[in-house]
Amino acid sequence: MLREFYKKILKDHHQPVAIKTVADFEKTPVSYEQRITNENWTFDVKPRDESTGNEVAIDNMFVYKFLILERKLSAYKGMDYWDFIRHVVNTREYTRILSVGSGPCAVEMEIAEKFTKPYVIDCLDINENLIKDATRRAQERGMNLNPIVADLNEIEFKEKYDLVIICAALHHFVELETVLERFHDALADDGMFVTYEPVMRNGMFLWPATRFVLGLIFLALPARFRVNHQDYPGEKRVDRYYNEYDRSGWTFESIRSGEIPGLLPNYFKTVHFGRGMTFLRRVSDTLYGPNYRINEKKGDMRLANALCWIDRFFRATRLLKPEGLFYIGKRRA
């Protein structure tokens, strides 16, 4: 028992190969080109709402509870990522927006529904299937979206944008320094960069202190809340500890996510640095979130609320690093 606790909890886990550039993939079993194919496949098969294109969490209401709480706590003057973009657009005469990693543009269309002033959104993504779907949906809804299929590493921005936005996609980019510099250069003089990102440790590993806290929480949870719904195809195995492994091993998932908070202030003048939750995503996402029947069982709702309050404590006291970030930056002088 003590040996297993040391191996799973006390021993530090990290990315086997430190990734900084595309060339570093030559040191890994999966090439850059193969990762692009794998990445496109993972997003193509995700369940989505037919009318909006948004990802849906089947049988998991806990994840929505988590998202609402994180958006509230990381907000800027009471505005989350969605509200802030609407506020900027609706207080200008015209806004030109670049959205990167937009996929089916579901978030962009959700935000644009409440625009009251003229705008255009250039939606850029490497996944052709998702962009085609976005084009169809935008035309059906009469929205001024301009979908672009391209690799960010290769495209040149000829326009200057009032807003450069990226929602939960920056953590999939490898050469972050180059990407952030290009975002900065694409901004108009009074332009702003806005992102809402998961910023867990590279490879989606846990920070050591978070691993210790989450390890103790898992030990206290009944078995039915530790059923893993994702990592073991064809079975629903009960995990004794949070199942931690390199989730950037075959795609770009969280490839350099832990470096994002430290890099952003190097490229933009920070307006807002909204800290998200610490460990709550780990128990509410697709792995374990479906175990909580919060709409059906009072006990499950109480447990979910307790986990929310525990996370809020560690967030407020800064004893654990946040795994979410809402960031607003301006162009540097």
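Phe314 meets the ring pair (Phe, Tyr, Trp, His ring centres under 6.0 Å) test with no other residue; sequence neighbours excluded.
Hydrophobic clustering places Val17 together with Tyr32 (ILVMFWY residues linked when any side-chain heavy atoms are closer than 4.5 Å, directly or through intermediates). Transitive grouping of hydrophobic side chains (ILVMFWY, heavy atoms separated by less than 4.5 Å) brings Met79 and Leu67 into a common cluster. Transitive grouping of hydrophobic side chains (ILVMFWY, heavy atoms separated by less than 4.5 Å) keeps Leu206 and Met200 in distinct clusters. Under the 4.5 Å side-chain heavy-atom criterion for grouping Ile, Leu, Val, Met, Phe, Trp and Tyr, Met143 is not connected to Val149 through any hydrophobic cluster. With hydrophobic clusters built from ILVMFWY side chains whose heavy atoms lie under 4.5 angstrom apart, Val179 shares a cluster with Phe268.
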Let me check something: any side-chain donor-acceptor pairs from residues 269-279 under 3.5 Å, sequence neighbours excluded? List them with distances.
residue: Thr270; atom: OG1; partner: Tyr327; partner atom: OH; Å: 2.8
residue: His272; atom: NE2; partner: Ser74; partner atom: O; Å: 2.8
residue: His272; atom: NE2; partner: Ala75; partner atom: O; Å: 3.3
residue: Arg275; atom: NH1; partner: Arg315; partner atom: O; Å: 3.2
residue: Arg275; atom: NH2; partner: Arg315; partner atom: O; Å: 3.4
residue: Thr278; atom: OG1; partner: Asp311; partner atom: OD1; Å: 3.2
residue: Thr278; atom: OG1; partner: Asp311; partner atom: OD2; Å: 3.1

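For the pair Arg71 and Trp82, the distance from NZ or CZ to the six-membered ring centre is under 6.0 Å and the angle to the ring normal is within 45 degrees.
A heavy-atom distance below 4.5 Å is not found between the side chains of Ile97 and Tyr161. By the 4.5 Å heavy-atom criterion applied to side chains, Ile328 and Tyr81 are not counted as neighbours. Between Asn144 and Phe115 the shortest side-chain heavy-atom distance does not fall below 4.5 Å. Contact check for Asp24 versus Lys27: side-chain heavy atoms found under the 4.5 Å cut-off. Asn266 places none of its side-chain heavy atoms less than 4.5 Å from the side chain of Arg332. With a 4.5 Å cut-off on side-chain heavy atoms, Thr178 and Thr21 do not count as touching. Taking the side chain as every heavy atom from C-beta outward, Leu280 and Leu307 approach each other to under 4.5 Å. Side-chain contact between Glu259 and Lys20 is present, with heavy atoms from C-beta onward closer than 4.5 Å.
For the pair Arg141 and Glu113, the salt-bridge criterion is met [side-chain N within less than 4.0 Å of a carboxylate O]. A salt bridge links Glu70 and Arg281; the closest N-O separation between the charged side-chain nitrogens and carboxylate oxygens is under 4.0 Å. Under the 4.0 Å criterion applied to side-chain N and carboxylate O atoms, Lys132 and Asp125 are not assigned as salt-bridge partners. Comment: Arg211 engages Asp12 in a salt bridge, judged by a side-chain N to carboxylate O separation of less than 4.0 angstrom.
In this structure, Asp122 and Arg96 approach most closely via the heavy-atom pair OD2-NH2, 3.5 Å. For Val227 against Asn291, the heavy-atom pair with the smallest separation is O-ND2, 2.8 Å.
To the nearest 0.5 Å, atoms CG (Leu170) and CZ (Arg256) are separated by 10.0 Å. To the nearest 0.5 Å, atom OG1 of residue Thr317 and atom CG of residue Leu319 are 3.0 Å apart. Atoms CG and OH, from Asp59 and Tyr292 in turn, are 15.5 Å apart once rounded to the nearest 0.5 Å. In this structure, Asp300 CG and Asn295 CG are separated by 10.0 Å, a value rounded to the nearest 0.5 Å. To the nearest 0.5 Å, atoms CG (Asn38) and CD (Glu33) are separated by 11.5 Å. Separating the CG atom in Asp231 from the CG atom in Asp239 is a distance of 7.0 Å, to the nearest 0.5 Å.
Residue-environment remark: NZ (Lys117) exceeds the threshold of 12 foreign heavy atoms within 6.0 Å. Counting non-hydrogen atoms of neighbouring residues, nucleotides and ligands closer than 6.0 angstrom, the CZ atom of Arg224 exceeds 12 such neighbours. Atom NZ of Lys160 has more than 12 neighbouring heavy atoms from other residues, nucleotides or ligands inside a 6.0 Å radius. The neighbour count for Tyr6 OH, taken as heavy atoms of other residues, nucleotides or ligands under 6.0 Å away, does not exceed 12. Within a 6.0 Å radius of CD in Glu4, other residues, nucleotides and ligands contribute more than 12 heavy atoms.
If you check the side chains of Thr95 and Asp162, you find no donor sitting under 3.5 Å from an acceptor. With 3.5 Å as the limit, one finds no donor-acceptor pair spanning the side chains of Asn90 and Lys114. Residues Asp83 and Tyr76 have side chains that never bring a donor and an acceptor to within less than 3.5 angstrom of each other. A side-chain donor from one of Glu108 and Ser99 sits under 3.5 Å from a side-chain acceptor of the other. Under the 3.5 Å distance criterion, with hydrogens and angles disregarded, a donor-acceptor pair is assigned to the side chains of Tyr245 and Arg247. Remark: the Arg282 side chain and the Tyr242 side chain contain an N/O donor-acceptor pair separated by less than 3.5 Å. Residues Asp246 and His13 have side chains that never bring a donor and an acceptor to within less than 3.5 angstrom of each other.
The closest donor-acceptor contact from the side chain of Thr251 to the backbone of Ser248 lies at 3.5 Å or more, if one exists at all. In this structure, Gln15 contributes its side chain and Ile255 its backbone to a donor-acceptor pair below 3.5 Å. Using a distance-only test at 3.5 Å, with no hydrogens or angles considered, a donor-acceptor pair links the side chain of Arg86 to the main chain of Ile111. Asn243 places no side-chain N or O within donor-acceptor distance of the main-chain N or O of Leu287, the cut-off being under 3.5 Å. For the pair Thr210 (side chain) and Leu320 (backbone), a donor-acceptor distance under 3.5 Å is absent. Put simply, the side chain of Asn228 never gets that close to the backbone of Arg237: no donor and acceptor are under 3.5 Å apart. Not a single donor-acceptor pair under 3.5 Å links the side chain of Tyr196 to the backbone N or O of Leu325. Within the 3.5 Å criterion, the main-chain N or O of Val30 finds a donor-acceptor partner in the side chain of Arg35. At least one donor-acceptor pair under 3.5 Å links the side chain of Glu175 to the backbone N or O of Val22.
Remark: of the listed residues Tyr241, Phe218, Phe225, Phe218 is the sole one forming a ring-ring contact (aromatic ring centres under 6.0 Å, His included) with Tyr288.
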Are Ile131 and Ile126 close enough, and set up right, to give a side chain to side chain contact (heavy atoms under 4.5 Å, CB included), and what steps lead you there?
CA-CA 8 Å; Ile131 284 296; Ile126 199 171; over 6 Å; no
Step by step, would you call Tyr119 with Val88 a side chain to side chain contact (heavy atoms under 4.5 Å, CB included)?
CA-CA 11 Å; Tyr119 69 92; Val88 172; over 6 Å; no
Test Glu244 against Met204 for side chain to side chain contact (heavy atoms under 4.5 Å, CB included), laying out the working first.
CA-CA 8 Å; Glu244 187 178 20; Met204 207 184 281; over 6 Å; no
Take Phe173 and Val100 through the test side chain to side chain contact (heavy atoms under 4.5 Å, CB included) and record every step on the way to the result.
CA-CA 11 Å; Phe173 288 102; Val100 179; 3.8 Å; yes
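Aromatic ring centres of Phe25 and Phe252 lie closer together than 6.0 Å.
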